[in-house]
Amino acid sequence: MLEITNLRVRLPVEGQPRTVIHDVSFAIGAGEAFGLIGESGSGKSMTAKAVARLLPEGAACEGAIVFDDRPVLELGGEDLRRYRSHDVAMIFQDPRASINPVRTVGDFLTEAARTNLGMRRPAAEEKAVALLAEVGIADGGRRLRQYPHQLSGGLLQRVMIASALMGDPRLLLADEPTTALDVTTQSEVMAILGRLRAEHGVAMLFITHDLELAGAVCDRIGVMYAGSLVEQLPSTALHEDAVHPYTRGLLTSRPSVTETVRRLPVIPGKPLSAFEAPDGCAFAPRCPHAIDTCRDEEPALVDDVRCHRVGDI
Ligand SMILES: Nc1ncnc2c1ncn2[C@@H]1O[C@H](COP(=O)(O)OP(=O)(O)O)[C@@H](O)[C@H]1O
Ligand SMILES: [Mg+2]
């Protein structure tokens, strides 16, 4: 359904054009959940925004994004409007930052359906109330007349999910949808997303910095480092078959629930953006297995892994 090929995104950073996404390729099948993981700044949000055609002003894309045989990067006018209201929808990390505080929940939920899909207000409200019920908000009619500040963060994120579903999208781009929520609310929101997938057959690009969470809810995982996709694999193979030293590092830097660990092992060094990355493999400066080749030559993606040392380690 979605196929991204050699995506490259450049953005003006402090006046200079900088590459923030560097040669990213992956695909998502209908109804499939793909988890995109990586540390802060690795380019996860930019990848999702490129798919949703929501990149900031001045951004330039190369490569291809194809949704059902349509070239997403070339869509304009009516086709783009249709794509953004019917095919894909995005849920952001901080619900409060992406909702207008002076408009009611009802206005927020029904606005796109009324302006883009030509729905009348009563029909749009009826659909909104039904979707609110689906995300666990029983008193939808009352909620429509409330303002965002009257709702908790968890409730507001459910409203965001309901809003994303108003156009019956086939792909949900969920950008760290639970990061701003407390742990109990996090698992409730994850359960809702899981149920929606099962009942609506909607595909999902699930972005998180939590590898274990992605492994638990997604069919496949893509690991990003410094704007590149360094490894891709099925979730069921995550613990056994992950070979990239960065993925392995993420897997071992998780706190253990059963043991008392005095110090959490972390990957030494700091994460980089694509434009800060050195020549060769971007992960080489932090990699315990790096050799001269890693510092000199950029590794190609071979069998879904971008690492010179896969054969040796
Ligand atoms: N609006 C912006 N303008 C310029 N650069 C940006 C902007 N937003 C993010 N960046 C840069 O793009 C890179 C990727 O960011 P992002 O996709 O947000 O990372 P992630 O979601 O993985 O944390 C980072 O280096 C970040 O500093
Ligand atoms: Mg992000």
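Residue numbers start at 1 and run along the sequence shown. Counting convention: from 1, in listed order, for ligands and their atoms alike.
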**Student:** Ignoring hydrogens, what is the shortest heavy-atom contact between Met166 and Thr110? Give both atom names and the distance.
**Tutor:**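 Looks like CE-CA, 4.5 Å.
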**Student:** I need the minimum non-hydrogen distance between Arg143 and Val105, along with the two atoms involved.
**Tutor:**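 In terms of heavy atoms, the two residues are closest at O-CB, 3.3 Å.
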**Student:** Give the numbers and elements of all ligand 1 atoms closer than 4.0 Å to a heavy atom of Leu11.
**Tutor:**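 Atoms satisfying the 4.0 Å criterion: 3 (N), 4 (C), 5 (N), 6 (C), 7 (C).
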**Student:** Using heavy atoms and a 4.0 Å limit, tell me yes or no: is Gly38 in contact with ligand 1?
**Tutor:**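 Heavy atoms of Gly38 never come under 4.0 Å of ligand 1.
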**Student:** Closer than 2.8 Å to the Mg ion (ligand 2): does that hold for any N, O or S atom in Gln93?
**Tutor:**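 Coordinating: no.
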**Student:** So which of Arg18, Lys44, His209 gets nearest to atom 22 (O) of ligand 1, if we judge by its closest heavy atom?
**Tutor:**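 Shortest heavy-atom distance from atom 22 (O) of ligand 1: Lys44.
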**Student:** With a cut-off of 4.0 Å, which atoms of ligand 1 are near a heavy atom of Ser273?
**Tutor:**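 Atoms satisfying the 4.0 Å criterion: 24 (C), 25 (O).
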**Student:** Taking the six-membered ring for Trp, are the ring centroids of Phe67 and Tyr83 within less than 6.0 Å of each other?
**Tutor:**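 Phe67 vs Tyr83: aromatic centres under 6.0 Å.
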**Student:** Within a distance of under 4.0 Å, is there any protein heavy atom near atom 9 (C) of ligand 1?
**Tutor:**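 Yes; the ligand atom in question has protein heavy-atom contact below 4.0 Å.
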**Student:** Going by the closest heavy atom to atom 21 (O) of ligand 1, which one wins out of Ser45, Ser40, Ser42?
**Tutor:**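 Ranked by closest heavy atom to atom 21 (O) of ligand 1, first place is Ser45.
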**Student:** Answer yes or no: is there an ion pair linking Asp219 with Arg197, defined by an N-O contact shorter than 4.0 Å?
**Tutor:**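 Here Asp219 pairs with Arg197 in a salt bridge, since their nearest N and O are under 4.0 Å apart.
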**Student:** For ligand 1, which atoms have a heavy atom of Phe275 less than 4.0 angstrom away?
**Tutor:**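 It comes down to these atoms of ligand 1: 25 (O).
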**Student:** Which atoms of ligand 1 sit under 4.0 Å from any heavy atom of Pro56?
**Tutor:**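 Counting from 1, the qualifying ligand atoms are 1 (N).
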**Student:** Measuring from the heavy atoms of Glu39, does anything fall under 4.0 Å of ligand 1?
**Tutor:**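 Heavy atoms of Glu39 do come under 4.0 Å of ligand 1.
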**Student:** Looking only at heavy atoms, what is the nearest atom pair of Glu298 and His22, with distance?
**Tutor:**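 Residues Glu298 and His22, closest heavy atoms: OE2-NE2, 2.9 Å.
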**Student:** If you take all heavy atoms of His209 and Thr179, which pair is closest and at what distance?
**Tutor:**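 Shortest heavy-atom separation between His209 and Thr179 comes out as CE1-CG2, 3.9 Å.
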**Student:** If the cut-off is 4.0 Å to any non-hydrogen atom of Val13, which atoms of ligand 1 fall inside it?
**Tutor:**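 Near Val13, the atoms of ligand 1 are 4 (C), 5 (N).
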**Student:** At their closest point, which heavy atom of Pro56 faces which heavy atom of Leu11, and how far apart are they?
**Tutor:**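 That closest heavy-atom pairing would be CG-CD2, 3.6 Å.
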**Student:** For Asp87, run the side chain to side chain donor-acceptor pair (under 3.5 Å) check against Arg170, Arg70, Arg82 and tell me which one passes.
**Tutor:**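 Of Arg170, Arg70, Arg82, side chain to side chain donor-acceptor pair (under 3.5 Å) with Asp87 is met by Arg70 alone.
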**Student:** Tell me whether Pro12 reaches ligand 1 (any heavy atom closer than 4.0 angstrom to a ligand atom).
**Tutor:**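 Checking ligand 1 against Pro12, which is what was asked, there is a heavy-atom contact under 4.0 Å.
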